Amino acid sequence: MKNAPLPEGIRLIDGWFDRDGQVALIAAIRAVVAEAPLYRPEMPRTGKPFSVRMTNCGPLGWVSDRAGYRYQPLHPVTGCPWPAIPEVLLALWGEVADYPHPPEACLVNFYDETARMGLHRDEDEAALDAPVVSVSLGDSCLFRIGGRERSDPTRSFRLASGDVFVLGGPSRLAFHGVDRIYPGSSTLLERGGRINLTLRRVTSPG
DNA sequence: TAGTATCT
DNA sequence: TATG
């Protein structure tokens, strides 16, 4: 059964990072996590924990707690500023984002083999004219994308280590999520799991 | 300044 | 940024 074409504004680039590039990226992310440890966010109001663990790098980081979703300059656990975005990711943004200002946030999501991400939209950014640029590392996942309304039809496909995914244009506010992780599908991370990096421009224009 | 990336 |  053949899938419909990707919606306009979606760009999936298989294997943007080769193995060496992925290894270098993981080293950079390890340095970020050493300074800004992964933590488990909670849902607004209910306090229900996410199944993914998160951290950020860049001047701003996306956080969620009982008070809501927001971007803030400090790690909610350590109180320290987020580390800088690694150069290789700034370079990636320059090559694929088609946006005249640098990203301000790089959200780092770690999925263990049971983690999921429910269908949602990235809409906490003022700069909705800038795309969201995503990098997959480690185990593959089943990714799902729909339209601007939660009820719009969805399609899904696998994202593998080294893939780059750009959510922009008419699809910038498309609902998307991660249905499942495929454990053991990559040897990049010794202890398994998937890391997703999403680069965002938060403020307009800059 | 009112919804939410939780969850079945 | 809980919030009524």
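A quick note: this is a predicted structure, and the numbers were derived from the prediction, not measured. Lettering of chains follows the sequences in order, A, B, ..., and the numbering in each one begins at 1.
- Applying the ring-ring contact (aromatic ring centres under 6.0 Å, His included) rule to A/Tyr99 yields the partners A/His101; only residues at least two apart in sequence or on another chain are considered.
- Residue pairs meeting the salt bridge (Lys or Arg N to Asp or Glu O under 4.0 Å) criterion with at least one member in residues 120-137 of chain A, sequence neighbours excluded, are A/Arg121-A/Glu123, A/Asp122-A/Arg200, A/Glu125-A/Arg172, A/Glu125-A/Arg200.
- Across all strands, A/Pro41 comes closer than 4.0 Å to no nucleic acid atom at all (heavy-atom distances).
- When DNA chain B is scanned 5' to 3' for any atom under 4.0 Å from a heavy atom of chain A, the first and last hits are B/dT4 to B/dT6.
- Contacts of A/Asp179 classified as side chain to side chain donor-acceptor pair (under 3.5 Å), with partners at least two apart in sequence or in another chain: A/Arg144.
- DNA chain C lies under 4.0 Å from no heavy atom of any residue of residues 105-123 of chain A.
- A distance-only check finds a donor-acceptor pair linking the side chain of A/Arg201 to the backbone of A/Thr203 [under 3.5 Å].
- With a heavy-atom cut-off of 4.0 Å to chain A, the contacted part of DNA chain C has its first and last nucleotide at C/dT1 to C/dA2.
- Within the structure, no pair that satisfies the side-chain hydrogen bond (donor to acceptor under 3.5 Å, both in side chains) test touches residues 36-60 of chain A, not counting sequence neighbours.
- No engagement by A/Arg40 is indicated, since no non-hydrogen atom pair under 4.0 Å with the nucleic acid exists.
- Cluster partners of A/Leu128 are A/Leu173, counting Ile, Leu, Val, Met, Phe, Trp and Tyr whose side-chain heavy atoms approach within less than 4.5 Å, directly or via other members.
- Among residues at least two apart or in separate chains, salt bridge (Lys or Arg N to Asp or Glu O under 4.0 Å) pairs with a member in residues 66-77 of chain A are A/Asp65-A/Arg70.
- Through chains of ILVMFWY side-chain contacts below 4.5 Å, A/Leu119 is grouped with A/Phe175.
- Among residue pairs with one or both ends in residues 115-134 of chain A, those qualifying as ring pair (Phe, Tyr, Trp, His ring centres under 6.0 Å) are A/His120-A/His176; sequence neighbours excluded.
- Residues satisfying the side chain to side chain donor-acceptor pair (under 3.5 Å) test with A/Asp163, not counting sequence neighbours, are none.
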